[in-house]
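One structure below.
Residues take their numbers from the sequence shown, with the count starting at 1.
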Amino acid sequence: MQQSPTRATVARVVIGAGLHPSIGLHHKSGVNSFALADDLTEPFRPLVDAVVRRMVGEGVDAVTPESKKPLAHLIGADLRLDDALSPVSVAT
């Protein structure tokens, strides 16, 4: 299962808002402690998909510590929110 680098960030926000991270809307599993965080991470999936697509186009065909770096950096990527730029970590 491919996970967005924002999952942990979203889980912290969910808990900080006083919500229970295991009670999801679409991700329903008795063993997933972060179902709600996974639901709220879905809007960020296109960011991950775009990076993976670019990496594959550049010939990356294996998951290594080096190949994970661009994905890990997504948390700091800028998103346009209204008329301003905001990092993914703040957008969550």
Side-chain angles (χ1 to χ4, degrees):
M1 177 168 114
Q2 181 182 12
Q3 296 177 359
S4 169
T6 61
R7 185 183 197 213
T9 301
V10 173
R12 284 191 295 272
V13 171
V14 165
I15 293 167
L19 301 172
H20 200 289
S22 69
I23 301 173
L25 303 172
H26 298 289
H27 289 85
K28 296 178 182 175
S29 169
V31 296
N32 184 354
S33 299
F34 298 101
L36 181 57
D38 290 343
D39 285 337
L40 297 173
T41 300
E42 287 298 325
F44 298 98
R45 183 175 297 278
L47 295 174
V48 175
D49 292 346
V51 170
V52 170
R53 183 179 213 174
R54 187 190 78 230
M55 291 168 62
V56 168
E58 293 171 353
V60 176
D61 62 356
V63 178
T64 65
E66 189 64 28
S67 69
K68 291 179 187 178
K69 287 180 182 179
L71 295 169
H73 287 115
L74 279 175
I75 198 70
D78 286 330
L79 296 177
R80 181 158 304 283
L81 297 176
D82 296 322
D83 292 329
L85 290 178
S86 177
V88 170
S89 59
V90 174
T92 57

**Asked** Under a 4.5 Å cut-off applied to non-hydrogen side-chain atoms, are Ser86 and Arg80 in contact?
**Response** no
Can you hop from Val56 to Val51 via hydrophobic side chains spaced under 4.5 Å? yes
State whether the side chain of Ser67 and the backbone N or O of Ala62 hold a donor-acceptor pair below 3.5 Å, judged by distance alone.
yes
Rounded to the nearest 0.5 Å, the CE atom of Met55 sits from the NZ atom of Lys68 at a distance of 10.5 Å
When every non-hydrogen atom of Val10 is compared with those of Ala37, the smallest separation belongs to CG1-O, 3.5 Å
Output for pair (Thr41 OG1, Arg45 CZ), nearest 0.5 Å, gives 9.0 Å
Side chain to side chain contact (heavy atoms under 4.5 Å, CB included) test vs Phe44 passes for just one of Asp49, Leu79, Leu74, Ile75, namely Leu79
Between the CG atom in Asp38 and the OG atom in Ser22, the distance rounded to the nearest 0.5 Å is 11.0 Å
Quiz item: Cluster question for you: counting only ILVMFWY and a side-chain heavy-atom cut-off of under 4.5 Å, with indirect links fine, are Val90 and Val13 together?
Solution: no
Between Pro87 and Gly76, the two heavy atoms sitting closest are CB-O, 4.0 Å
When rounded to the nearest 0.5 Å, the distance separating CD1 of Ile23 from CG of Leu36 is 8.5 Å
- prompt: Should Val52 and Leu71 count as side-chain neighbours, where that means a heavy-atom distance under 4.5 Å?
  reply: yes
Here the gap from Leu85 atom CG to Asp82 atom CG, rounded to the nearest 0.5 Å, amounts to 11.5 Å
* Shared ILVMFWY cluster between Val60 and Val48, side chains joined below 4.5 angstrom? -> yes
